[in-house]
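Read the structure below first, then the notes.
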2 protein chains.
Amino acid sequence: MKKEKNKLRSHCPVNFGLEAFGDRWALLILRDIIFRGKRTYGEFLKSEEGFATNILASRLDHLIKVGILKREGHETDGRKDIFSITEKGLDLIPLIFEIVLWSAKYDTDSEAKRIVRLVELIRDDNRKISRKVIEQVRRGEAIVAEYL
Amino acid sequence: MKKEKNKLRSHCPVNFGLEAFGDRWALLILRDIIFRGKRTYGEFLKSEEGFATNILASRLDHLIKVGILKREGHETDGRKDIFSITEKGLDLIPLIFEIVLWSAKYDTDSEAKRIVRLVELIRDDNRKISRKVIEQVRRGEAIVAEYL
DNA sequence: GAATTCACTTGCAATTTGCAAGTAATAATA
DNA sequence: TATTATTACTTGCAAATTGCAAGTGAATTC
């Protein structure tokens with residue numbers, strides 16, 4: 001039984017974004033894909049923040065519904081689904097990078113300290129580094145070692 | 001009775017941001033301050049998306065707790081509280097602008113169409129326009145007509 | 001001094017979350 | 001080939017959160 005509540009509360013651009021991806025879990029899924037190269041339900045489930053199984057399933061469905069992710073069967077293992085990011089999802093990378101930048105500044109214990117180089121690049125020119133990372137993630141590479 | 005669940009699920013910079021401001025309502029409050037110049041509980045309540053009174057109160061408390069907003073008494077009207085944005089909150093403007101940019105691109109009915117000029121400026125150089133807007137909002141001005 | 005405004009709080013039903021425990025399909029192993 | 005594992009979920013249920021509606025108390029206006 002699917003929930004079909006398609007009505008947006010408003011078309012304010014801030015609200016539109018929030019209704020699409022502005023959920024605790026949704027952006028963590030994207031993080032897992034972009035930074036950690038995860039692609040399957042089981043991989044997402046292992047994230048340190050601890051998804052509940054039903055929540056993970058519902059958020060994956062939602063992200064697919066709004067066109068940020070797509071689901072495909074695994075080429076050789078019929079049990080697995082591959083969740084990959086669409087162009088619409090890739091366009092969220094600059095925004096995710098802004099979150100990283102803000103947190104790097106204000107969280108004294110931030111693990112952003114482990115990606116100092118990337119944080120610098122974002123601060124210096126988010127658009128530019130985003131373009132590079134988008135290309136990488138599009139190829140299925142996740143963020144590569146040169147930034148870590 | 002206050003909720004005191006201070007423990008972060010992780011210090012991943014994406015997660016840190018989400019736990020600070022990654023709530024449907026939290027960013028709408030910031031939007032109201034930045035774009036609409038709102039400052040009081042009653043003004044926030046009037047927002048088109050419809051805050052529940054208790055949710056609004058709890059989100060304001062939360063944003064104050066994490067240092068994004070501060071609360072001050074109204075100068076002349078003792079009933080009112082003025083909620084204003086801190087420097088930490090102002091630093092979220094580039095991120096909010098990225099949300100606007102993404103929504104402007106993907107929501108065909110976006111009200112971003114009413115702020116085409118601002119969207120262009122963000123696309124062209126988010127950091128630069130953010131700096132200008134931060135100064136304005138810091139002075140209590142909200143986003144001024146020249147961008148609308 | 002009575003009525004209104006303002007910023008909340010409270011009560012409560014409905015929804016959502018978070019576990020734990022399935023389940024059905026496919027794959028790997030004996 | 002039969003059994004055991006994996007994988008991606010679903011289901012059930014208690015607990016937490018949300019969303020109304022209806023207060024409450026202090027300050028302000030009339």
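Because only heavy atoms are used, hydrogens play no part in the values below, and waters and symmetry mates are left out as well, while side chains stay in. Residue numbers start from 1 in every chain, and the chains themselves are labelled A, B, ... in the order their sequence lines are given, proteins ahead of strands.
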For a quick check of understanding: with a heavy-atom distance under 4.0 Å over all strands, which category does [X] fall into, base, sugar-phosphate or nothing?
X	value
A/Phe51	nothing
B/Arg24	nothing
A/Phe44	nothing
B/Arg59	sugar-phosphate

Gap between atoms [atom1] and [atom2], on [X] and [N] respectively (whole Å):
X	N	atom1	atom2	value
B/Leu28	D/dT18	CG	P	14 Å
A/Leu56	C/dG18	CG	P	12 Å
A/Leu45	D/dT10	CG	P	13 Å
A/Lys80	D/dC9	NZ	C1'	15 Å
A/Asp81	D/dC9	CG	C1'	9 Å
A/Ile29	D/dC9	CD1	P	11 Å
A/Asn54	C/dG18	CG	P	8 Å
A/Ile55	C/dT16	CD1	P	10 Å

Residue [X], side-chain atoms from C-beta onward, closest of [options]:
X	options	result
B/Arg79	C/dT5, C/dC8, C/dA27	C/dT5
B/Arg9	D/dC9, C/dG18, D/dT7	C/dG18
A/Ala52	C/dA27, C/dA7, C/dC19	C/dC19

So, OP1 or OP2 of D/dT17: does either fall under 4.0 Å of a side-chain N or O from B/Trp25?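 No, because none of the side-chain N or O atoms of B/Trp25 sits under 4.0 Å from OP1 or OP2 of D/dT17.
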Applying side-chain contact (heavy atoms from CB on, under 4.5 Å) between A/Val14 and each of B/Asp32, B/Ile34, B/Ile96, report the one that passes.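 The side-chain contact (heavy atoms from CB on, under 4.5 Å) with A/Val14 is passed solely by B/Ile96 among B/Asp32, B/Ile34, B/Ile96.
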A/Arg127 with B/Asp124: basic N within carboxylate O range, under 4.0 Å: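 So A/Arg127 does not pair with B/Asp124 through a salt bridge.
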Looking at A/Arg36 and A/Glu48, is any side-chain nitrogen of the basic one under 4.0 Å from a carboxylate oxygen of the acidic one?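 Counted as a salt bridge, because a side-chain N and a carboxylate O are separated by less than 4.0 Å.
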Go nucleotide by nucleotide along DNA chain C from the 5' end; which of B/Ser58 and A/Thr76 gets its closest nucleotide reached first?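 So the residue in question is B/Ser58.
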Could you verify whether a donor N or O on one side chain and an acceptor N or O on the other, from B/Lys38 and B/Ser47, lie under 3.5 Å apart?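 Result is yes, a qualifying pair exists.
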Establish whether the base of D/dT10 is bridged to the side chain of A/Thr53 by a donor-acceptor pair shorter than 3.5 Å.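 Looking at the base of D/dT10, it does pair with a donor or acceptor on the side chain of A/Thr53 (distance under 3.5 Å).
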May I ask you to decide if the ring planes of B/Phe21 and A/Trp102 are parallel, tilted or perpendicular, using 30° and 60° as cut-offs?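 Ring orientation of B/Phe21 relative to A/Trp102: perpendicular.
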